[in-house]
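First comes the structure, then the notes that go with it.
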Number of protein chains: 2
Amino acid sequence: MPPDAQISRIKPGRRTDIRRENERLILDAAERVFAEAGFGGATMQLIADMAGLPKANLHYYFATKEDLYRRVVSQIFEIWLDAAASFDNAPDPATGIGAYIDAKMDISRRHPHGSKVWASEVMHGAPVIQDYLETTLRDWTNGRIAVIQTWIDEGRMAPIDPRHLLYMLWASTQHYADFGHQIETLNNGQPLSDRQWAEAKASLKAMILRGIGAI
Amino acid sequence: MPPDAQISRIKPGRRTDIRRENERLILDAAERVFAEAGFGGATMQLIADMAGLPKANLHYYFATKEDLYRRVVSQIFEIWLDAAASFDNAPDPATGIGAYIDAKMDISRRHPHGSKVWASEVMHGAPVIQDYLETTLRDWTNGRIAVIQTWIDEGRMAPIDPRHLLYMLWASTQHYADFGHQIETLNNGQPLSDRQWAEAKASLKAMILRGIGAI
DNA sequence: ATTTTCGTTGACCGGTTGGTCAGGTTGTGG
DNA sequence: CCACAACCTGACCAACCGGTCAACGAAAAT
């Protein structure tokens, strides 16, 4: 035991800090570059430049381009799954689905790059996250379908197909991230303001919740 | 004038046929490869192999990779604009928007690759079709917004924001093409059957038309 | 029959990419 | 103070990419 154990707490490893900080720097840069150029169009050199590190340093922390990409995609998947909490423990569909729309719209606004990387990955046939789709996502989906079906059986909402409701929720919320450039262009080249984001959320909730007979 | 003008009608140019056929072959292969690999990940060699032609032959018909890509994207844009006809001359929102959903879902099913190429292009900041967004698409959008606003003013539907309704229509219909792989995975690895496509269209129309108070 | 145009293609090239590596620096534990 | 481990990086390389080109065959025009 060291004479002063506090040291290892006060300075929990400067080496570890460096590693964590650089990995964060690289992952943030990679997320942006992968989103803007796609996996094939992204180059390690560009990611390195954006992270402010030499290219060789990237390969010190991430063995291959594919490893780095896999980490970026997994990171987004985690954020997505966290939004599931909004869905649970809701007393009624309006509250649960409304909160889910809010959460997904917040993710679209705060992690637009991540959403695009996910979309690209799926569009290209999910070569690196196919197992996630077949396990975690499938389980999550079936769980929510069961919840929605319960609401329908209890007469709390219209008898729509829960599966297609989920697809519509995913599509309409992620659209604000994935097609953000198109939306911005149609908004006179300006990004949506705070007020416009709030209006988007309100419009979506109004249409969807009324559409499923939850309000 | 040739002695027998019929020849030029009976054989309207074998050369022209060859050109048209090869361009079609290349464009179809390119659409698929660009959709599956993205612009950066696609290679002229792969497109050539899929078209069954030598790579040098591609460059005889299309000067550069970017020219070929531009042609593919434009092609999709045309198909999209044609679906606009479903929207027009409709007596009421349920008919017009319902027909538009049907048309867009049919495109998602028959041109999934094209939809993905478009999505990729927009996600990457629309580097080659920005002018289309700022002219044709913006005009089209404003025109439909005016139509929807008229319906609202006439009390034929709920007073929702027409812009966000359009975004929801685009997002929810294109989702079945762009995220087709994810949907297929969640459908036990099977593509949607005729019946399932019909159910998807019916579910979408039910939710959206009820959501905007059109039924 | 001959010239010309169009279509075809293998071989080639400069530039770029992902990845490697040897040799260096910095911080840490003993 | 020393030895070891973690971190850093310029220089380099084999592989691959988009694109070029000269040579050739086939059809069409003259």
Side-chain angles (χ1 to χ4, degrees), chain A residues 1-27 29-30 33-34 36-72 127-128, chain B residues 1-27 29-30 33-34 36-72 127-128:
Chain A
M1 184 189 284
D4 190 353
Q6 274 195 325
I7 290 181
S8 62
R9 282 192 208 106
I10 294 175
K11 311 200 310 183
R14 204 140 124 205
R15 281 293 178 46
T16 311
D17 285 350
I18 290 177
R19 171 167 283 270
R20 181 157 35 209
E21 189 178 340
N22 280 344
E23 283 186 358
R24 173 57 36 204
L25 228 52
I26 294 169
L27 282 171
V33 174
F34 281 135
E36 289 175 352
F39 178 80
T43 68
M44 295 297 273
Q45 187 62 60
L46 197 60
I47 297 172
D49 291 346
M50 193 151 302
L53 296 171
K55 193 186 74 170
N57 211 344
L58 263 67
H59 283 97
Y60 175 74
Y61 288 105
F62 300 93
T64 67
K65 183 185 180 184
E66 201 172 316
D67 282 345
L68 178 54
Y69 177 73
R70 200 185 308 268
R71 279 284 299 272
V72 170
V128 320
Chain B
M1 182 188 283
D4 190 354
Q6 275 197 325
I7 290 181
S8 63
R9 284 190 207 106
I10 294 174
K11 310 199 315 185
R14 204 143 123 208
R15 282 293 179 43
T16 311
D17 286 351
I18 289 178
R19 171 167 282 271
R20 181 157 35 210
E21 189 177 339
N22 279 344
E23 282 186 358
R24 174 56 35 205
L25 227 52
I26 294 169
L27 282 170
V33 173
F34 281 135
E36 289 174 352
F39 179 80
T43 69
M44 295 297 272
Q45 187 62 61
L46 197 61
I47 296 172
D49 291 347
M50 194 150 301
L53 296 171
K55 192 187 72 168
N57 212 345
L58 264 65
H59 282 99
Y60 175 73
Y61 289 104
F62 300 92
T64 67
K65 182 186 179 184
E66 201 172 315
D67 282 345
L68 178 53
Y69 177 75
R70 200 186 309 267
R71 279 285 298 272
V72 170
V128 320

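Bear in mind that the values here come from a model prediction, so they are computed numbers and not experimental data. The sequence lines fix the lettering, A, B, ..., with proteins before strands; numbering per chain opens at 1.
Between Gln45(B) atom CD and dA11(C) atom C1' there is a gap of 13 Å when expressed in whole angstrom units. To the nearest angstrom, P of dC6(C) lies 15 Å from CG of Asn57(B). Between the CG atom of Asp67(A) and the P atom of dG18(C) there is a distance of 14 Å, rounded to whole Å. dG27(C) atom P lies 13 Å from atom CG of Asp17(A), rounded to whole Å. Rounded to whole Å, the distance from NE2 on His59(A) to P on dT17(C) is 13 Å. Between the P atom of dC7(D) and the CG atom of Leu25(A) lies a distance of 15 Å, rounded to the nearest Å. Computed from coordinates, the Lys65(B) NZ to dC17(D) P distance equals 9 Å when rounded to whole Å. dC6(C) atom C1' lies 13 Å from atom CD of Glu23(B), rounded to whole Å.
With distances taken from any side-chain atom of Ala56(B) to the nucleotides dG19(C), dT9(D), dT9(C), the minimum falls on dT9(C). Considering only the side chain of Pro54(B), dG10(C) comes nearest among dT20(D), dC8(D), dG10(C). When the nucleotides dC8(D), dG19(C), dG19(D) are ranked by their closest atom to the side chain of Thr64(A), dG19(C) comes out on top.
Counting non-hydrogen atoms under 4.0 angstrom, Ala48(A) reaches nothing in the nucleic acid. Counting any heavy atom pair closer than 4.0 Å across all strands shown, Tyr61(A) reaches sugar-phosphate atoms only and no base atom.
Atom CZ of Arg70(B) and atom OG1 of Thr64(B) lie 7.5 Å apart (nearest 0.5 Å).
Using a 4.5 Å heavy-atom cutoff, the side chains of Leu27(A) and Leu68(A) are in contact. Proximity of Arg24(A) to Arg20(A): side-chain heavy atoms (C-beta onward) are nowhere separated by under 4.5 Å.
Remark: of the listed residues Leu25(A), Ile47(A), Asn22(A), Ile47(A) is the sole one forming a side chain to side chain contact (heavy atoms under 4.5 Å, CB included) with Leu58(A).
Ring geometry for Phe34(A) against Phe39(A) counts as parallel: the plane angle stays under 30°, on a 0 to 90° scale with 60° as the upper cut.
Distances shorter than 4.0 Å separate none of the side-chain N or O atoms of Arg19(B) from OP1 or OP2 on dC6(C). Contact check, Tyr60(B) against dG7(C): a side-chain N or O comes under 4.0 Å of OP1 or OP2. Between dT8(C) and Asn22(B), a contact under 4.0 Å exists linking OP1 or OP2 to a side-chain N or O.
Interface remark: the Lys55(B) side chain does form a donor-acceptor pair with the dG19(D) base, using a distance-only criterion of under 3.5 Å.
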